[in-house]
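Proteins get letters first, then strands, A, B, ... in listed order; numbering begins at 1 in each. Heavy atoms only: backbone and side chains are in, while hydrogens, waters and symmetry mates are out.
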Amino acid sequence: MNILKLVADLAATTPNQFEQPADRRDALTSLGRFGAKTLAAALPLGLGSVPALARDTRTILDSLLLALRLERLQNAFYTQALTAPASFFPADTSIRASIVKMQAHQQQHAALLVRLISTSNGDVPAQPRYDFTGSKNNTQAALFPSVFTNFDDFLTLAQLLEDTSVRAYKAMVEFLVQDNYILQTALQIHSTESRHATRIRMIRRQRGATVKPWPSPADADITVANKTAVVYATEHATTQLLADYTSVPFRLLPIGSGANILTESVPEAFDEPLAADSVEGLLNLFTL
Amino acid sequence: MQRRSFFRAAGATLATSTLVLAGCKDDEEPATPVVNNVIAFNGFDTTTRQPIDDGVLNYAYLLEQLEAAFYQKVVASPPADLLPGELAYLTDLRDHELIHREYLKALLGSKAYDVSLAAPLEFNFSSLTLTTRVGVWTAARQLEDIGVAAYNGAGKLLVVTSNLLALGKLASVEARHAALVHEILQSDSFASTVGADGLDDAKTPTEVIELIKSFLPVEVSVAALPTT
């Protein structure tokens, strides 16, 4: 597919994406390391209408490395939780069993990503260390002081991390279109993370939290301003754009007549992407 | 629109050399016709033979129509033994699928396969048991898992990145639906479709159509969709 996808991606690149200078990558040492937007920027055009540099030059490798950070962090999070005494977990044994499954998946995702990075001639970073209280080893106020002693606090952070993963992979696929195998793999991880997020949400709901199986404006806010608020920033969008930048006229369409159809059902029906820098910011809260 | 912006972005010289590859066309493609009770989704430009997204988007649109019709039927006549809260879930699922259906229809515009049909397709759910909660949720689980696997398999077939992003917004919501329905039927079964390497299922359009053909009133051919 790949040259066709590149051409199509160029066509889909709006002019303002060419406007802002960004770090230019060294050279085209390895095609697999470059995303479409980088190639768009690197084309020797010499055309007055096209500034030389694209705004977002994330590569396939950049995306795989971000995905690895996400998976390693979640794997460490669940692994640490599973070392807690049995009393940490609810009496319903299906709940701990689900956490075991999630941990296994995150470990498998991390291992798969390491393989993909290695075969793309990328360097696999050292395993980071984490503090899931968010206190950076007691150097600042904790966000989740009881994360491994209070099961509801643990679930709250689990939901934030899983929902962030869904949004991160959704944003990432744009930069993977040059490689069908990696693209499909990312989509298959994406829906696994989504299943995790919903299971966590349903456990929280069973325990009395105001939360739906999908991100909803009706959910009780579990975020902290300037810290974890990024997880649901722009998630509850009430408008969707078409290719010509007009909005889908939901109010005129036969989508039902519930009282909250436009303000609640529409945002629920779409999960929104989250840009890599926002994802990094969230991961940094818990990474030493 | 996507392709025309290429001219503005890259200028005429490069555009000329890639005109064929990009499949630029001024004329609207005709909508996918329904001929002799066969809908054939077309994933290639009829002139240039290069891949286009119309066919894959129509395939996604058909899946959303199917899911929406299913939940509309169930909510209109719910089984008597639903547990508390379950009708609210079914209503949410119906609303989400109606929104997905209309979103894809809006994305497709004149390219929607049924734009010239006198009436939308009527799906046939007679093979399902919709008089019990277990029957309804079992059918919902089947449809939602198919939807997730279909989106996971369709992403790589798309040419235009904005369409990939559009389907991605729906795909994870389908996975959330699927996990909900799994959990309603059996606690801790949210990930029973997840296999080796922690990867959720992915299916080709051919595999998906085979699974849903009993619900379809016409034959659907995906033979003319891209396969890579």
Indicate the ring-plane relationship of H105(A) and H196(A), choosing parallel, tilted or perpendicular according to the 30° and 60° boundaries. parallel
Return yes if a side-chain donor-acceptor contact under 3.5 Å exists between Q103(A) and N75(A), otherwise no. yes
Using only heavy-atom distances, determine whether the side chains of E268(A) and S216(A) contain a donor-acceptor pair under 3.5 Å. yes
Assess whether a salt bridge exists between R195(A) and D145(B), defined as any Lys/Arg side-chain N lying under 4.0 Å from an Asp/Glu carboxylate O. yes
Given the options I99(B), L98(B), D95(B), which has more heavy-atom pairs under 4.5 Å with chain A than any of the others? I99(B)
Under 4.5 Å to a heavy atom of chain B? For P249(A) that would be neither
Any side-chain donor-acceptor pair under 3.5 Å between Y113(B) and Q65(B)? yes
Name the region of L93(B), side chain, backbone, both or neither, that has any atom closer than 4.5 Å to a heavy atom of chain A. side chain
At a 4.5 Å cut-off on heavy atoms, which part of V266(A) comes close to chain B: side chain, backbone, both, or neither? both
Please look at N163(B) and chain A and tell me whether the side chain, the backbone, both or neither of the residue comes under 4.5 angstrom of a heavy atom of that chain. neither
May I ask you to check whether S191(A) and D200(B) show a side-chain donor-acceptor distance below 3.5 Å? yes
Relative to chain A, which of D201(B), T193(B), L107(B), T91(B) shows the most heavy atom pairs under 4.5 Å? T193(B)
Where on R101(B) is there a heavy atom nearer than 4.5 Å to chain A: the side chain, the backbone, both, or neither? side chain
P273(A) portion near chain B, given a 4.5 angstrom heavy-atom threshold: side chain
Which bit of F250(A) comes within less than 4.5 Å of chain B, counting heavy atoms only: side chain, backbone, both or neither? side chain
Those residues at least two apart in sequence (or on a different chain) that pass side chain to side chain contact (heavy atoms under 4.5 Å, CB included) with A275(A) are D277(A)
Quick check on L112(A) against chain B: is it the side chain, the backbone, both or neither that has a heavy atom closer than 4.5 Å? side chain
R201(A) versus chain B, heavy atoms under 4.5 Å apart: side chain, backbone, both or neither? side chain
Whatever's closer than 4.5 Å to a heavy atom in chain B on A111(A) counts as neither
Run the salt-bridge test on E264(A) and K212(A) with the 4.0 Å N-O cut-off and return the result as yes or no. yes
Per-residue tally against chain B (heavy atom, under 4.5 Å) across Q106(A), H190(A), E193(A) peaks at H190(A)
Toward chain B, the part of R96(A) with a non-hydrogen atom under 4.5 Å: neither
Turns out that what part of V173(A) lies under 4.5 Å from chain B's heavy atoms comes down to both
Pairs in or reaching into residues 169-181 of chain B: which pass side chain to side chain donor-acceptor pair (under 3.5 Å), with residues at least two apart or in two chains? D163(A)-R176(B), K170(A)-S172(B), Q240(A)-K169(B), D271(A)-S172(B), D271(A)-R176(B), E272(A)-K169(B), H96(B)-H177(B), E97(B)-H177(B), H100(B)-E174(B), E144(B)-H177(B)
Nearest 0.5 Å please: distance from the CG atom of L165(B) over to the CG atom of L170(B). 11.0 Å
